[in-house]
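On a predicted model such as this, the values are computed, not experimentally measured, just so you know. Order of listing sets the numbers, starting from 1, for every ligand and every atom in it. Side-chain atoms are counted along with the backbone in the values below, which use heavy atoms only and exclude waters and symmetry mates. Starting from 1, each residue takes its place in the sequence as its number.
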Amino acid sequence: MRYAFFSDIHGNLDALTAVLKAIEEDGKADKVLCVGDLVGYGAEPRECIAVIRELNCPVIAGNHDFAAAGRMQLDYFNALAREAIEWTTDTLEEEDKQFLWNLPLVWDDEESFVMVHGTLQDPSSFGYVLNDLDALLLFRDLRKDFCVTGHSHYPCSFVYGQKLVFSREPELTVEVGQRAIINVGSVGQPRDGDPRACLVFFDSEQRLIETQRIVYDVEEAARKIITAGLPEPLADRLLAGI
Ligand code: ZN
């Protein structure tokens with residue numbers, strides 16, 4: 001099976017449209033999956049929800065989804081994120097919030113992977129996998145060969161066999177006997193210094209992870225943030241990819 005994963009759209013319709021077009025142009029994905037955080041930060045949360053609902057693909061909850069739906073306390077977030085969530089909550093219609101509220105925290109694919117926005121330990125606490133220790137803790141709870149995550153907006157993989165290896169290679173093959181945490185980065189607000197949207201293909205037979213970066217109109221997405229009255233730093237960070 002060839003899977004296409006995308007995560008952390010954050011109300012950025014321009015980036016989402018470009019990523020879905022890239023999946024379509026690739027034409028080889030058997031299944032498309034969304035790793036959460038559809039809303040928050042960006043100016044078009046309703047439009048992003050509509051597009052993803054139309055796709056009818058597996059979607060899991062991100063922290064911003066639950067917060068915007070009123071299912072999570074805002075004290076988890078920094079001031080800038082809180083401001084964006086409050087704006088998003090005001091912008092969404094009741095049916096959007098219902099959809100976000102009902103998203104599952106974990107998607108367990110029958111074949112080879114489990115998908116969670118943050119960590120497996122306690123998915124509703126939305127912890128981060130940022131370093132080797134975080135990764136080892138997740139591997140302890142992982143019953144499959146692969147765990148697909150988002151949340152940090154930083155595409156990378158942790159591969160665990162004889163030892164633990166961190167990788168940012170755009171193409172990575174995971175040997176039989178090894179397991180991997182695949183962070184699929186962010187569509188709508190990358191934070192690795194590359195403003196292009198992030199998309200990951202995964203071939204479960206070849207055990208091959210391919211990370212692609214997709215050019216989209218970042219200036220337009222930033223302009224929409226300003227026009228919507230969202231905090232200006234949210235526009236600036238899109239342009240810088242941070
Ligand atoms: Zn996010």
Side-chain angles (χ1 to χ4, degrees), residues 5-16 19 33-49 51-52 58-69 71-89 91-92 96 99-101 103-107 115-120 122-130 134 138 147-156 181-200 211 213-214 216 218 221-222 225 230-231 233-238 240-242:
F5 293 105
F6 65 97
S7 187
D8 294 271
I9 301 94
H10 286 293
N12 185 339
L13 183 66
D14 297 284
L16 176 62
V19 162
L33 300 100
C34 173
V35 197
D37 270 357
L38 284 63
V39 303
Y41 300 128
E44 291 176 294
R46 291 210 71 206
E47 292 79 354
C48 289
I49 291 173
V51 167
I52 289 167
V59 188
I60 55 168
N63 45 317
H64 285 258
D65 302 324
F66 273 4
R71 200 176 155 171
M72 189 173 163
Q73 297 287 332
L74 291 191
D75 51 15
Y76 172 96
F77 299 88
N78 65 41
L80 207 54
R82 256 197 322 263
E83 205 177 319
I85 289 163
E86 280 161 359
W87 180 93
T88 303
T89 303
T91 303
L92 294 181
D96 303 319
F99 174 75
L100 297 178
W101 180 288
L103 291 176
L105 281 161
V106 177
W107 172 269
M115 183 168 89
V116 64
H117 190 68
T119 68
L120 283 176
D122 175 14
S124 67
S125 70
F126 296 103
Y128 284 91
V129 179
L130 299 174
D134 299 334
L138 194 151
C147 180
V148 179
T149 67
H151 197 30
S152 67
H153 301 202
Y154 192 90
C156 63
I181 299 166
I182 308 167
N183 191 311
V184 302
S186 171
V187 170
Q189 195 199 72
R191 293 180 191 160
D192 61 345
D194 183 344
R196 293 176 300 169
C198 199
L199 162 66
V200 169
T211 306
R213 301 310 283 262
I214 312 298
Y216 77 97
V218 188
I225 285 175
L230 280 156
L234 296 177
D236 298 339
R237 72 185 295 179
L238 274 196
I242 53 170

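- H117 places a side-chain N or O within donor-acceptor distance of the main-chain N or O of V35, the cut-off being under 3.5 Å.
- Excluding waters, the count of protein N/O/S atoms less than 2.8 Å from the Zn ion (ligand 1) comes to 4.
- Qualifying salt bridge (charged side-chain N to carboxylate O under 4.0 Å, His left out) partners for D65, counting only residues two or more places apart in sequence or in other chains: none.
- Checked against side-chain contact (heavy atoms from CB on, under 4.5 Å), C198 has the following partners two or more places apart in sequence or in another chain: P155, T211, R213.
- When atom types are taken as modelled, the side chain of T89 and the backbone of A68 share a donor-acceptor pair closer than 3.5 angstrom.
- Cation-pi geometry between R71 and F66 is satisfied (NZ or CZ under 6.0 Å from the ring centre, within 45° of the ring normal).
- The salt bridge (charged side-chain N to carboxylate O under 4.0 Å, His left out) search around R191 returns none, not counting sequence neighbours.
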